[in-house]
Amino acid sequence: MFLEGATPGSEQAAVQTHREKTSKTPAEIYDSLFVPALFRQWGPIVAAEARMGRGDRVIDIACGTGVLALAALDRVGAEGKVVGLDPNPDMLCVARRKSTRIDWREGRAEQIPFAEESFDAAVSQFGLMFFDDRAAGLREMMRVVKSGGRLAVAVCDSLDQSPGYAAVAEMLERLFGSDVANAFRAPFVLGNAELLHSLCAKAGIERAEVRRHRGTVRFASIETLISTERACIWTLGGLLDNEQFKRLLEEAERALVPYVTAAGAVAFDMPALVITASKD
C-alpha cells in the first residue's frame, strides 16, 4: 500500500531541515517525517472500520497531529462534527494548522471530557499502546459512544510482522543492549489479537473483533530511515548520541539491504491490528 505524499524528495528535505537544527518542535518533526512515512495511510482505513457517515459526530482519541481526525472529517462532511483529543499541546498546535473545522481539545483517553453517548463513533490510531491505563481508555471511549455507535482502534501488529523494523530492533539489541532495543519495540507490544481481546474484555467491551490490515513503511533511503528515528526525541533520539547513531547507520547499510528497492528507497510491511466493536 503506497502512502500518500511520501515522496523521496519531501522526506529528504525534511531530514535535511532537521540536520540544520531549525527551531522545529518535536511535534513538527513527527508530522513532517513519521506521518508521511508511516501513519498517513491509516486514517481512511480506521475511519472506514468505524463505519462513520455523513452527519456523524466523531471523536479521535490520542489524535496527535490530526491524521485520523482529518480522514473522519472527509467522511462526516459539513453536516458532521469531529473532535480531536490529545494530551500533548505541541501535537495539537500542529493539528490546529490543518483544520479549523475540527474541535481540537487537550485531554487524556482515561478522562474524556464529554458526556455519555456524545458521539456516533470513537476512534484512535497508534495511541492505545501508550495510554497510562489501556482498559480505562477503551472503557472511556465506549462510554462516550451512543447506543448503536462504533469503536475502531488501531495498534501496530507484532514486530515480527514488520521485518525492516525487526531488523532495526535486532541491531539495537546487539549494538546497545536490551534497554535501547526495548524502547524501540514499545509501539509493537499490543500486536497480538488474543491480548487485544483480553484487554477489551477487561474494559467491558463485548463482542469486539480484531482484524489485520496490511500497511507499508516507505523511506527514501536507509539513511533517511535512521535519520528519522534520530529526529524523534520520544524514542531513539532521546537515547543515542551522535557516535551511536553513526554506528547504527553503518550497520543498517548492511542489514537493511533486503528492503532496498531498485530505486534506492526502503520499503517493508508494517501491518496493523484494528479493534472494532459496536455499542448495544
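All values reported here derive from a predicted model rather than from experimental measurement.
A salt bridge links Arg211 with Glu209: the closest approach of a Lys/Arg side-chain nitrogen to an acidic carboxylate oxygen falls below 4.0 angstrom. Under the 4.0 Å criterion applied to side-chain N and carboxylate O atoms, Glu251 and Arg247 are not assigned as salt-bridge partners. Looking at Glu117 and Arg57, no side-chain N of the basic residue comes within less than 4.0 Å of a carboxylate O on the acidic one, giving no salt bridge. For the pair Lys98 and Asp31, the salt-bridge criterion is met [side-chain N within less than 4.0 Å of a carboxylate O]. Salt-bridge annotation for Asp133 and Arg139: absent, with no side-chain N of the basic residue lying under 4.0 Å from a carboxylate O of the acidic one. We find that Asp56 and Arg54 are not joined by a salt bridge, their nearest charged nitrogen and carboxylate oxygen being 4.0 Å or further apart.
Rounding to the nearest 0.5 angstrom, the gap separating the CE atom in Met171 from the CZ atom in Arg254 is 9.5 Å. From Leu239, atom CG reaches atom CD of Glu229 across 11.0 Å, with rounding to the nearest 0.5 Å. Considering SG of Cys200 and CZ of Arg134, their distance stands at 12.5 Å, rounded to 0.5 Å. Atom CG of Leu33 sits about 11.0 Å away from atom CG of Leu225, to the nearest 0.5 Å.
Of the candidates Leu92, Leu68, Leu70, Cys63 forms a side chain to side chain contact (heavy atoms under 4.5 Å, CB included) with just one, namely Leu92.
Cluster annotation: Leu151 is connected to Val83 through the hydrophobic network of ILVMFWY side chains, with a link wherever side-chain heavy atoms come within less than 4.5 Å. There is no path of hydrophobic side-chain contacts, each under 4.5 Å, that joins Ile61 to Val82. A chain of hydrophobic side-chain contacts below 4.5 Å, direct or via other Ile, Leu, Val, Met, Phe, Trp or Tyr residues, connects Leu236 to Tyr165. By the rule that hydrophobic residues join a cluster once side-chain heavy atoms approach within less than 4.5 Å of another member, Val217 and Val274 end up as members of separate clusters. Criterion: ILVMFWY side-chain heavy atoms under 4.5 Å apart, direct or through other members. Under it, Met91 and Val46 are not part of a common hydrophobic cluster.
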Would you sort out whether Phe245 and Phe176 count as a ring pair (Phe, Tyr, Trp, His ring centres under 6.0 Å), showing the intermediate values?
CA-CA 11 Å; Phe245 267 108; Phe176 311 118; 8.2 Å; no

Step by step, would you call Leu190 with Leu195 a side chain to side chain contact (heavy atoms under 4.5 Å, CB included)?
CA-CA 7 Å; Leu190 293 184; Leu195 175 60; 3.8 Å; yes

Yes or no on side chain to side chain contact (heavy atoms under 4.5 Å, CB included) for Val123 and Ile59, after CA distance, side-chain angles and deciding distance?
CA-CA 6 Å; Val123 296; Ile59 186 166; over 6 Å; no

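Two rings, from Phe34 and Phe126, have their centers 6.0 Å or more apart.
Smallest separation of non-hydrogen atoms from Val35 and Val67: CG1-CG2, 3.6 Å. When every heavy atom of Val145 is checked against every heavy atom of Arg150, the shortest pair comes out as CG1-N, 3.5 Å. The two atoms that bring Leu199 and Ala135 nearest to each other are CD1-N, 3.8 Å, heavy atoms only. Shortest non-hydrogen contact noted between Ala50 and Ala121 is CB-CB, 4.3 Å. For the pair Phe188 and Ser162, the tightest heavy-atom approach, listed with the atom from each and the gap, is CE2-CB, 4.4 Å. The minimum heavy-atom distance between Trp42 and Met270, with the atom names listed, is CZ2-O, 3.5 Å.
In this structure the side chain of Arg212 reaches within 4.5 angstrom of the side chain of Asp157, judged on heavy atoms. Between Ile29 and Thr25, every side-chain heavy-atom pair lies at or beyond the 4.5 Å cut-off. Side-chain contact between Glu223 and Ile226: absent, with no pair of heavy atoms (C-beta onward) separated by less than 4.5 Å. At least one side-chain heavy atom of Arg105 sits less than 4.5 Å from a side-chain heavy atom of Phe114. For the pair Lys81/Asp103, a side-chain contact is recorded, criterion being any heavy-atom separation below 4.5 Å from C-beta on.
In terms of modelled atom types and a separation under 3.5 Å, the side chain of Lys279 and the main chain of Arg143 share a donor-acceptor contact. Proximity of a side-chain donor or acceptor of Gln161 to a complementary backbone N or O of Ser158 within less than 3.5 Å is not detected. Using modelled atom types, one side-chain atom of Asp86 and one backbone atom of Gly64 make a donor-acceptor pair closer than 3.5 Å. For the pair Glu106 (side chain) and Pro89 (backbone), a donor-acceptor distance under 3.5 Å is absent. Side-chain N or O atoms of Trp104 include one that pairs as donor or acceptor with a backbone N or O of Ser99 at under 3.5 Å. Between the Gln111 side chain and the Arg108 main chain, no donor and acceptor come within less than 3.5 Å of each other. Checking side-chain atoms of Asn88 against main-chain N and O of Asp90 turns up a donor-acceptor pair under 3.5 Å. Not one N or O on the side chain of Ser198 forms a donor-acceptor pair closer than 3.5 Å with the backbone of Glu194. Side-chain atoms of Gln41 come within 3.5 Å of backbone atoms of Thr216 as a donor-acceptor pair (strictly under, hydrogens ignored).
Side-chain contact of Ser221 with Thr224: a donor-acceptor pair under 3.5 Å is present, judged by distance alone. In this structure, a donor-acceptor pair under 3.5 Å is absent between the side chains of Glu173 and Ser178. Defined by atom type and a distance below 3.5 Å, a donor-acceptor pair is present between the side-chain atoms of Glu49 and His213.
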